[in-house]
Amino acid sequence: MTTQRKLLPRSFYQRSPEMVAHHLLGKVLTHHYRGEELSGRVIEVEAYLGLTDPASHAFIGKTARNAVLFGPPGIAYVYFIYGMHYCLNVSCLPDGEPGGVLFRALFPLKGLSTMARLRGLAENAKPKQLTGGPGRLCEAMGISREAQNGIDVTRHHSALQIFDDGYEVKTITATPRIGISKAAERPLRFLLTSP
DNA sequence: GTGAGGATCGTCT
DNA sequence: GACGATCCTCACA
């Protein structure tokens, strides 16, 4: 089971957000936080298509906030929402074409006690309480806009990276996206049914 | 167990 | 000046 883990290359992200979202399930998100490794398996994501998707931040055109989505693929896009939460995305498609994938939930693997502390929870907190939700997983992983927006997740020395550890994905379920008001009916949310 | 409402601020009009 | 790719708490059943 413990095969060598491989850092996902930029070409992995240079595809449509739907494809990238689909293939990101089961991969491992890792953040080097103050000398400690925090990591979790990706179990829920959503695709945001760009100029053709009214729910996407990129739909309105390029602005200071969403510039990362219009840049090269494989870059972390972190934004602040509702005055209290951060959400983590990774950019997709070639340079110049906007698109991204939102990380909605992880299954925590390493650094559980640090995650619990960052979330303000007890050591024995359930995975869902720790990293089940876009805002929660950012808090648990120590991710903020100032520090992580614009980071290249395909570089070997990046604080934020995504690996393939050989985990075999069994069943993927597609459902409508959560918490949006426009184009809410499109099935662009993907999740693993058995982590 | 389920549902309503509040917190709180960066970003765009 | 309005609103949002959310989360938490507190009623009520």
Side-chain angles (χ1 to χ4, degrees), chain A residues 13 16-25 27 29 31 38 40 42-71 73-93 97-108 115-151 153 160 162 172-192:
Chain A
Y13 304 97
S16 75
E18 284 170 280
M19 273 236 243
V20 176
H22 201 271
H23 288 282
L24 272 176
L25 287 175
K27 301 298 188 287
L29 178 68
H31 185 209
L38 305 178
V42 181
I43 57 174
E44 185 180 338
V45 293
E46 281 178 6
Y48 285 87
L49 307 185
L51 299 175
T52 60
D53 181 3
S56 169
H57 285 177
F59 183 69
I60 57 173
K62 189 172 179 176
T63 67
R65 173 171 68 151
N66 66 23
V68 168
L69 292 175
F70 287 77
I75 308 295
Y77 169 52
V78 182
Y79 65 89
F80 192 56
I81 191 70
Y82 295 121
M84 25 184 23
H85 299 292
Y86 292 104
C87 293
L88 171 67
N89 296 241
V90 61
S91 63
C92 303
L93 295 169
E97 294 180 52
V101 172
L102 166 71
F103 292 87
R104 287 197 59 87
L106 303 176
F107 184 82
M115 289 187 190
R117 185 162 45 76
L118 286 169
R119 291 270 299 115
L121 299 172
E123 290 263 336
N124 59 357
K126 294 202 174 97
K128 194 171 178 183
Q129 299 295 313
L130 276 182
T131 52
R136 289 172 181 166
L137 79 85
C138 282
E139 196 176 351
M141 298 285 283
I143 290 169
S144 68
R145 179 181 153 90
E146 302 77 50
Q148 274 74 36
N149 191 45
I151 283 190
V153 303
L160 202 58
I162 305 174
I172 292 178
T173 308
T175 78
R177 291 174 293 186
I178 304 290
I180 56 174
S181 49
K182 306 160 205 160
E185 72 290 346
R186 299 196 198 180
L188 293 172
R189 170 175 177 245
F190 303 96
L191 18 71
L192 290 184

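What you see is a predicted model, and the numbers here were worked out from it, not measured in a lab. First the proteins, then the strands, lettered A, B, ... as listed; each starts at 1.
In this structure, A:Leu102 reaches the bases: a heavy-atom distance under 4.0 Å links it to at least one base atom across the strands shown. Within the nucleic acid shown, A:Arg177 has no heavy atom closer than 4.0 Å to any nucleic acid atom. Using a 4.0 Å heavy-atom criterion, one finds that A:Arg119 contacts the sugar-phosphate atoms exclusively.
Across all non-hydrogen atoms, the minimal contact from A:Gly100 to A:Pro17 is O-CB, 3.6 Å. Between A:Leu102 and A:Pro134, the shortest heavy-atom distance links the atoms CD1-CB, 4.3 Å.
The closest donor-acceptor contact from the side chain of A:Arg136 to the backbone of A:Gly132 lies under 3.5 Å. For A:Gln148 (side chain) and A:Ala76 (main-chain N/O), no donor-acceptor pair under 3.5 Å exists by modelled atom type.
A:Ile180 has its CD1 atom 12 Å from the C1' atom of C:dG4, to the nearest Å. Distance, A:Ile60 CD1 to C:dA5 C1': 13 Å, rounded to whole Å.
Ring pair A:Tyr86/A:Phe80 is tilted by interplanar angle, where 30° to 60° counts as tilted.
OP1 or OP2 of C:dA5 has not a single side-chain nitrogen or oxygen of A:Arg189 nearer than 4.0 Å.
Nearest nucleotide to the A:His85 side chain, out of B:dT11, B:dA7, C:dT6: C:dT6. Checking B:dC12, B:dT8, C:dA5 against every side-chain atom of A:Thr63, the shortest atom distance belongs to B:dC12. Proximity note for A:Pro134 (side chain, C-beta onward) versus B:dA7, B:dT11, C:dT6: the nearest is C:dT6.
Remark: of the listed residues A:Glu44, A:Glu46, A:Arg189, A:Arg189 is the sole one forming a side-chain hydrogen bond (donor to acceptor under 3.5 Å, both in side chains) with A:Thr175.
Rounded to the nearest 0.5 Å, atoms CZ (A:Arg145) and CD1 (A:Ile81) are 11.5 Å apart.
Of the two residues contacting DNA chain C, namely A:Arg65 and A:Leu121, the nearest-nucleotide position lying further toward the 5' end is that of A:Arg65.
B:dT8 makes up no base pair with any nucleotide shown, lacking Watson-Crick or G-U wobble contacts both under 3.5 Å. Shown here, C:dA5 forms no base pair; nothing in the strands shown gives a Watson-Crick or G-U wobble contact with both key distances under 3.5 Å.
Taking every heavy atom of residues 73-81 of chain A and every atom of DNA chain B, pairs under 4.0 Å involve A:Phe80, by number.
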